[in-house]
2 protein chains.
Amino acid sequence: MSVQERKERERAERERLIVATARELAEQQGWDAVTTRQLAERIEYSQPVLYSHFRSKREIIGAVALKGAAEMAAALRAAASAADGPRTRVAALARAYLEFAARNPAVYDAMFQLDGGLAFANEDTPQPLKDAFAALLENLSEVAGDGVHPALFTEVFWAALHGLATLTRTGRLPPEDTEPRVELLVDRLAMI
Amino acid sequence: MSVQERKERERAERERLIVATARELAEQQGWDAVTTRQLAERIEYSQPVLYSHFRSKREIIGAVALKGAAEMAAALRAAASAADGPRTRVAALARAYLEFAARNPAVYDAMFQLDGGLAFANEDTPQPLKDAFAALLENLSEVAGDGVHPALFTEVFWAALHGLATLTRTGRLPPEDTEPRVELLVDRLAMI
DNA sequence: GATTCGATCCTAGCATCGCTAGACAATCGA
DNA sequence: TCGATTGTCTAGCGATGCTAGGATCGAATC
């Protein structure tokens, strides 16, 4: 069965190439430039090949989103674990979130702005997305405050970060004052 | 000059019709359904007529956004002025914002999610957008807290509301817990 | 009242989009 | 070696935003 295994490996490899190329192209020129024709040309295959891996362009966006969610979860945990003390940890978490969004705008869009056909906030939610939320939850529970459900607190904190990230990136908030905004947010939301 | 005046009136009326129809169609079937052909058919003119009023579809979205911003500003002021006491007023403001977003999702998207070609956060920003921000600022200044710039506080508060609005609307946050989220947000962010 | 002329509007079409059918070639099992 | 299966490509469909160029209509002039 070695032949079949090799084929499966090559197929999986090509799928990774598609996702990585879509992401690269999106980061370079925006998601509008990620057409099936452009993408096909970059991976040096014809258009229909894309559709033997993904049912639609939407699914490709979804695949980029999942990859990004895994990376974001790791980045959040790394930033949080490098800080000690609740206040410092939460601030580091917030900065890491905003930095990820700023450095990977196309990936962030795939995760939270575009329709990647992914399920959110229910049992069908893919693991990487749950895990990214968990990375926030783990580090925020200790500052939720008495009588406040950690998940609820995390949702609010996340929403605030998401608002800052998207409004800043689309030019609706001037980027200069990002740091004082984070300071204010953390000071007010986190208990101690 | 009566003839010319009449023509200008009719032209302005048709422009209002285009914007209102685009908005209506977007609310009914989503912005994806707002194609220039669909829109042209609904106003009972041919496609090119749209381009004698607007340079692009983007500008039509922008026009819907401006109309929406004016409405939102009015809705925010009405809600705030109907409440007395800082805490109640801020909570009413937050609920009014989220309710506007929930009841006018297409308009909200035009304002804050789609590209309507509008300038934000600088001197070229159209008046209705400035005014919507001002409506927030007016009612939040009193709870910004000592030593915190009211504009900065408003930005953070707005970002949090925007995050809640968009994440809820795209199914990324379950809609049931909206009220406790607002309570938590207001309790923590607003000083007194 | 007929005629000219400019403004207004529509038909038709372009390039591009996501996606798919059907032909062709390469590879496999017998 | 041959037939069948798998894989890939060419070509094309309907729909998109937008535009060129001709037709039509109404207002002003003689």
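All heavy atoms count here, side chains included; hydrogens, waters and symmetry mates do not. A, B, ... follow the sequence lines: proteins, then strands. Residue 1 opens every chain.
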Between atom [atom1] in [X] and atom [atom2] in [N], what is the gap in whole Å?
X: B/L50; N: D/dG17; atom1: CG; atom2: C1'; value: 11 Å
X: A/F54; N: C/dC19; atom1: CZ; atom2: P; value: 13 Å
X: B/I60; N: D/dT16; atom1: CD1; atom2: P; value: 14 Å
X: A/W31; N: C/dG18; atom1: CH2; atom2: P; value: 11 Å
X: A/Y51; N: C/dG22; atom1: OH; atom2: P; value: 18 Å
X: B/E13; N: C/dT8; atom1: CD; atom2: P; value: 17 Å
X: A/R58; N: C/dG18; atom1: CZ; atom2: C1'; value: 13 Å
X: A/E10; N: D/dG7; atom1: CD; atom2: P; value: 11 Å

Taking only residues two or more places apart in sequence or in another chain, which ones pass side chain to side chain donor-acceptor pair (under 3.5 Å) with A/D131?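 A/R77.
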Under 3.5 Å, is there a donor-acceptor pair between the side chain of [X] and the main chain of [Y]?
X: A/R188; Y: B/L189; value: yes
X: A/K67; Y: A/V107; value: no
X: B/T168; Y: B/A165; value: no

With the side chain counted from C-beta on, respond yes when A/N104 and A/R23 share a heavy-atom pair under 4.5 Å apart, and no when they do not.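 Result yes, sub-4.5 Å side-chain heavy-atom pair found.
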Taking the six-membered ring for Trp, are A/Y108 and A/H162 closer than 6.0 Å centroid to centroid?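 Yes, ring centres under 6.0 Å apart.
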What does B/R14 touch in the nucleic acid at a heavy-atom separation under 4.0 angstrom: a base, only the sugar-phosphate, or nothing?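 Answer is sugar-phosphate: B/R14 comes under 4.0 Å of backbone atoms only.
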How would you label the contact of A/S56 with the nucleic acid (heavy atoms, under 4.0 Å): base, sugar-phosphate, or nothing?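 Touches sugar-phosphate only.
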Residues touching DNA chain D, which here means a heavy atom under 4.0 Å, drawn from residues 38-45 of chain A: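 Per residue number, the list reads A/Y45.
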Going by the angle between their ring planes, with limits at 30° and 60°, are B/F112 and B/Y97 parallel, tilted or perpendicular?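 Judged by the thresholds at 30° and 60°, the geometry between B/F112 and B/Y97 is parallel.
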With sequence neighbours excluded, give me every salt bridge (Lys or Arg N to Asp or Glu O under 4.0 Å) pair touching residues 110-129 of chain A.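 Passing the test, one end in residues 110-129 of chain A: A/R58-A/D115.
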I'd like to know if the side chain of B/T35 pairs up with that of B/R37 as donor and acceptor (distance under 3.5 Å, no hydrogens or angles considered).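 Checked: B/T35/B/R37 side chains show no N/O donor-acceptor pair below 3.5 Å.
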Under 4.0 Å: is that the gap between some side-chain N or O of A/T36 and OP1 or OP2 of C/dG18?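 Indeed, a polar side-chain atom of A/T36 lies that close.
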Could you pull out the protein-nucleic contacts involving nucleotides 22-24 of chain D (nitrogen or oxygen on both sides, under 3.5 Å)?
none

Between protein and nucleotides 11-16 of chain C, what N or O pairs are separated by less than 3.5 Å?
| residue | atom | partner | partner atom | Å |
| --- | --- | --- | --- | --- |
| C/dG13 | O6 | B/R37 | NH2 | 3.4 |

For residues 41-50 of chain B, dump all side-chain donor-acceptor pairs below 3.5 Å to protein atoms at least two apart in sequence or in another chain.
| residue | atom | partner | partner atom | Å |
| --- | --- | --- | --- | --- |
| B/R42 | NH1 | B/Q28 | OE1 | 3.2 |
| B/R42 | NH2 | B/Q28 | OE1 | 3.4 |
| B/Q47 | NE2 | B/T36 | OG1 | 2.7 |

Pairing of B/E183 and B/R95 as salt bridge, 4.0 angstrom limit: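 So B/E183 pairs with B/R95 through a salt bridge.
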